[in-house]
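Note that the structure is predicted; figures quoted are calculated from it, not measured. Letters A, B, ... mirror the listed sequences (proteins, then strands); counts begin at 1.
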Number of protein chains: 2
Amino acid sequence: MMKLEDIAKLAGVSHSTVSRALAGSTLVNRATRERIEAIANDHGYQVNQVARNLKLQHTNTIGLIAPELSNPYYPKLIQCIADYVSAAGYSLQLHLSGKNQENEDKSLVNLRNNRVDGILLVTGEHGLMAAEYAAGLHKSGIPIVLMGWFPGADAFDFVTGDDADGARQIARHLLDLGHKNIAVIGKPVHRGPFDRTTAFINEIAQGGVVIDAANLYEITSEQDAILAVKQLLQTEPRPTAIFAYQDSIALVVCKELQAAGIRVPDDISVIGFDDLDMASYVSPALTTVGCHIDAMAKALVQRLTERITGETAAAEPVGVVVPTRLITRQSSGPAHDISS
Amino acid sequence: MMKLEDIAKLAGVSHSTVSRALAGSTLVNRATRERIEAIANDHGYQVNQVARNLKLQHTNTIGLIAPELSNPYYPKLIQCIADYVSAAGYSLQLHLSGKNQENEDKSLVNLRNNRVDGILLVTGEHGLMAAEYAAGLHKSGIPIVLMGWFPGADAFDFVTGDDADGARQIARHLLDLGHKNIAVIGKPVHRGPFDRTTAFINEIAQGGVVIDAANLYEITSEQDAILAVKQLLQTEPRPTAIFAYQDSIALVVCKELQAAGIRVPDDISVIGFDDLDMASYVSPALTTVGCHIDAMAKALVQRLTERITGETAAAEPVGVVVPTRLITRQSSGPAHDISS
DNA sequence: CACACCATTGCAATCGATTGCAATGCAGAT
DNA sequence: ATCTGCATTGCAATCGATTGCAATGGTGTG
């Protein structure tokens, strides 16, 4: 592949001059520059970024670590991130951790070795992250912005949706609809101040209704939701509403309910969280909470690029919380009468 | 950040020795090596890959260009690709072209400048690619494997699903079900020997039924499908089956049909293509054609890595076609009687 | 005519690794 | 004691850029 030196020979100048010319420096004569540009163009010269990166001590590359792509939430987020990253003039190095802590670690050192300028870490819901881990992460010296919150995340810049508020909106919605017997199918609590389940239960309590412990289902995979539903259908009196931790669970729940002959929302209301595209396609269309994914992605890369360029003077990590909103569709309705 | 030289000083040896020690070379005394390893470890030394890449003239990075992430087909594919790529010891540089030729070009030169070892190009259905473009691509000198086919693709290694065969399977399925009045809602033909629409129409003809020209709807976006359906519902006699070019279209079609009070499949059968996850969630679950995405991804990165390492002696480009299979679900049923 | 100054250009160091070849030193053979 | 050979280690070149500083030459001024 053609290099600076080759062009220099062709143009009868030194490689320094070629470098300057191609960079558009005013330090080189206009005529010379144009001649060099023409030659470089004719021969399809393309700068060797890796040499350039070595000299310049940066790579114009941002590393992105995300759990997976099979939950549609992530592609949506990554799409936005990719767009903002590329708009900011960076390339994206993508690593999928598969919700696996070890992989995440490997990706992190890989990214560091490759001297990416900054890292976006989407931790997902695996909750494996710990303060200790965070500390190790921290001294890598590379700017990192976290998507989501976990214990210890406060040591970093982070961006998260206001899931707690979203959960509260759902709670009020259900309360307004007259529901008094409500089930929660959720994942283990790990998001502290932003935890959906916790906020939901608290707000429900605020409305004067308590959720029976038996109606709290804690699952770790979408598949487990099926079991939860089966179990739930046995309880007496049967709940009139179900709050699912996320849309992907809510979808399974609806499907299972319908398979059992239960009508949604006539018999049981179901509410999800995330506002996946799919949520509006299924029938009944899912009532859920939307996350302004685009806004989050924007905040994420904005924060990171500011850290990279040093625009953000503050040494203090900052967290940005983007609002969520309830999206009422067909899967939620008034509580039906029950002969208690 | 700690460099080779620093470790060398600490260990009282030359940086050459450190380099060799860390690479596990037999050219360095065992005791020395272990001492160096310990020191490097204590000080958290991490090799600078960009310097290493420069010297070694490769980057252990594969570039991936895909159209977008909002059609669920791509995340699924990319997930698989990412897994195989990482299993093969490479990193992934991801570029989303947004179905835009110009972006695709930019990504291509960016990837080239970054000296990725090889490129995976997922062209999608935008059909913008042309033989001329391909030629330009070709002389970049970097190994490229194409996902999908377009005119001119034969100059490259490529991997594609046997969409034509899938379309034929659908045709036979519909024929078996007794359909004689069939509509096609498709995208512009551009996949030559692998084109779905063409293969479908031919196979239907093989079965002795001809598709009325008025029943051939050519659309370019999912949204247009709505118009097509509206128009279709006006025709007399009304088709008893619709073949949609891809699941994302089929979903819109079903939704629109149902909104108009038409029952699927009782009144009209609908068949898609791609087997998105979503296809099994909607109601009625979609009859479609599955693509063995994992197999394609595997073939894709296998082919590319072979090119990179030079295992594949053949200068001749090779195309691999992976089989497709019909997945019969609820959206297709026997043709209803019509009083023609 | 001499000198200062400015516009161009080239020289050479540098980024942080890898690696062929030369140098060193010690052990064993003669 | 001298020499050969092997195991270690270091020197220095190289990968392909960027850039501070020196060198060059031409022009304008006193």
**Q.** Evaluation steps, side-chain hydrogen bond (donor to acceptor under 3.5 Å, both in side chains), between Y84(B) and D294(B)
**A.** CA-CA 9 Å; Y84(B) 282 115; D294(B) 187 83; 2.8 Å; yes
Q) Under the side-chain contact (heavy atoms from CB on, under 4.5 Å) criterion, do S70(A) and K76(B) qualify, and how do the steps go? A) CA-CA 6 Å; S70(A) 48; K76(B) 220 170 155 180; over 6 Å; no
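- Aromatic ring pairs are classed by plane angle as parallel below 30°, tilted from 30° to 60° and perpendicular above 60°; the pair F158(A) and F194(A) is perpendicular.
- Between T17(B) and R33(B), the side chains place no donor N or O within less than 3.5 Å of an acceptor N or O (distance only, hydrogens not considered).
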When you compare the protein's N or O atoms with those of nucleotides 16-19 of chain C, which come within less than 3.5 Å of each other, and at what distance?
| unit_1 | atom_1 | unit_2 | atom_2 | d |
| --- | --- | --- | --- | --- |
| dG16(C) | OP1 | Q57(A) | NE2 | 3.2 |
| dG16(C) | OP2 | K3(B) | NZ | 3.3 |
| dG16(C) | N2 | A51(B) | O | 3.3 |
| dA17(C) | OP1 | Y45(B) | OH | 2.5 |
| dA17(C) | OP1 | N48(B) | N | 2.9 |
| dA17(C) | OP2 | L4(B) | N | 2.5 |
| dT18(C) | OP1 | R52(B) | NE | 2.8 |
| dT18(C) | OP2 | S19(B) | OG | 2.4 |
| dT18(C) | O4 | H15(B) | NE2 | 3.3 |
| dT19(C) | O4 | S16(B) | OG | 3.3 |

Q. When you look at R20(A) and T26(A), which way does the side-chain hydrogen bond (donor to acceptor under 3.5 Å, both in side chains) test go after all the steps?
A. CA-CA 8 Å; R20(A) 292 200 186 93; T26(A) 58; over 6 Å; no
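- As rounded to whole Å, 14 Å separates atom C1' of dA7(D) from atom CZ of R33(B).
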